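Presented below is the structure to which this report refers.
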Amino acid sequence: MGDEIQVFGAIAVRPAVLPIIASFETATGLSVMSKWELNPTVKVQIERGQPFDLVITNPKLVRDLTATGCVLAESQVPFGRISMGVAAKAGGRAFRVDSIEAFEHALKNAKSIAYASDGTSGGYFTGLLERLGLAAEVKPKLVPILGGQTATSVARGEAELAVVPVTSILAAAPDVILIGPFPAQLQSHIDFDLAISAATNTNAARQLLNFLSSPDLDESLAATGIERRPKQT
């Protein structure tokens with residue numbers, strides 16, 4: 001693929017990664033093409049032959065892709081993690097989610113709640129409703145959103161609230177506001193790792209992997225909602 005790097009990643013990290021990729025291109029003269037899907041779709045499309053040089057997705061999915069020979073063994077490194085948050089349309093009704101009680105009250109009183117029905121965050125949220133004993137009351141108000149457009153669904157008037165990774169909420173400003181992250185006791189961090197394609201394994205892809213995992217980017221990533229994860233030992 002020459003000096004063009006093909007990145008295939010999860011939609012939740014797109015708002016943070018795209019501007020960083022631009023600075024990488026300026027600094028190196030390399031060209032980066034990117035494709036973004038929900039985490040489960042990333043894995044499925046790669047297994048079906050989607051070409052890529054560098055993947056950004058959940059650690060377990062990277063391990064699965066390594067096991068099937070799609071990802072280069074031992075190339076997997078941590079990228080970061082994203083908290084779950086609650087979004088609303090700017091200027092809408094006021095809600096609080098800073099405690100378990102407030103979080104439950106918001107879910108019970110919202111007219112409708114959007115969630116990523118085919119994404120990692122949506123699976124966690126529906127499971128959380130079961131654990132909190134709210135499934136029967138809240139599920140009739142859920143609005144399934146496909147294709148990673150959950151945060152912006154509140155701006156379009158499709159739901160009053162949305163539960164989605166914080167990165168997507170921050171990226172949808174100013175039409176969408178972050179009411180707050182899930183309470184600490186209910187929080188689920190969605191983890192992301194980087195890895196290199198076993199089919200291409202280019203030096204350019206390794207350059208980008210090293211760039212994206214550099215601590216020099218920690219501050220700018222934090223501003224977009226991504227917290228670094230330590231490498232597992």
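Any value given below was found using the heavy atoms of this structure, including those in side chains, with hydrogens, waters and symmetry copies removed. The residues of the chain are indexed from 1 along the displayed sequence. Computed from a predicted structure; not experimentally measured.
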Min side-chain heavy-atom separation [X]-[Y] under 4.5 Å:
{"X": "Lys108", "Y": "Leu134", "value": "yes"}
{"X": "Phe182", "Y": "Leu128", "value": "yes"}
{"X": "Val154", "Y": "Ile177", "value": "no"}
{"X": "Phe211", "Y": "Leu217", "value": "yes"}
{"X": "Phe79", "Y": "Ile226", "value": "yes"}
{"X": "Cys70", "Y": "Thr66", "value": "no"}
{"X": "Pro15", "Y": "Thr224", "value": "no"}
{"X": "Ile145", "Y": "Glu158", "value": "yes"}

Path from Met84 to Val143 over hydrophobic side-chain contacts below 4.5 Å: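 No, separate clusters.
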Identify whether Met33 and Phe52 are in the same connected component of the hydrophobic contact network (ILVMFWY, side-chain heavy atoms under 4.5 Å).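 In one cluster with Met33: Phe52, no.
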Any chance you could measure [X], atom [atom1], to [Y], atom [atom2], to the nearest 0.5 Å?
{"X": "Ile179", "Y": "Phe103", "atom1": "CD1", "atom2": "CZ", "answer": "10.5 Å"}
{"X": "Thr41", "Y": "Leu146", "atom1": "OG1", "atom2": "CG", "answer": "9.5 Å"}
{"X": "Leu186", "Y": "Ser99", "atom1": "CG", "atom2": "OG", "answer": "9.5 Å"}
{"X": "Lys141", "Y": "Ser112", "atom1": "NZ", "atom2": "OG", "answer": "8.5 Å"}
{"X": "Thr202", "Y": "Gln207", "atom1": "OG1", "atom2": "CD", "answer": "8.5 Å"}
{"X": "Phe24", "Y": "Ser214", "atom1": "CZ", "atom2": "OG", "answer": "12.0 Å"}

Is Thr167 reaching over with its side chain to a backbone N or O of Ala12, donor-acceptor style, under 3.5 angstrom?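 It does hold such a pair.
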Would you check if the side chain of Ser75 reaches a backbone N or O of Val71 as a donor-acceptor pair within less than 3.5 Å?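 Pair absent, no side-chain N/O of Ser75 close to backbone of Val71.
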Which heavy atom of [X] sits nearest a heavy atom of [Y], and at what distance?
{"X": "Ala87", "Y": "Val176", "value": "CB-CG1, 3.7 Å"}
{"X": "Ala90", "Y": "Pro174", "value": "CB-O, 3.3 Å"}
{"X": "Thr150", "Y": "Ala162", "value": "O-CB, 3.6 Å"}
{"X": "Phe192", "Y": "Ala10", "value": "CE2-CB, 3.5 Å"}
{"X": "Pro144", "Y": "Leu142", "value": "CD-O, 3.6 Å"}

Of the options Asp64, Thr57, Asn58, which is the one that meets Lys60 in a side-chain hydrogen bond (donor to acceptor under 3.5 Å, both in side chains)?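 Exactly one candidate clears the test, Asp64.
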Regarding [X] and [Y], is there a side-chain donor-to-acceptor distance under 3.5 Å anywhere?
{"X": "Arg93", "Y": "Asn109", "answer": "no"}
{"X": "Arg156", "Y": "Thr152", "answer": "yes"}
{"X": "Thr200", "Y": "Asp53", "answer": "yes"}

If the threshold is 4.0 Å, N to carboxylate O, is there a salt bridge linking [X] and [Y]?
{"X": "Lys139", "Y": "Glu130", "result": "yes"}
{"X": "Glu227", "Y": "Arg81", "result": "yes"}
{"X": "Arg228", "Y": "Asp218", "result": "yes"}

When you look at CZ of Arg48, are more than 12 heavy atoms from neighbouring residues, nucleotides or ligands closer to it than 6.0 Å?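 Open.
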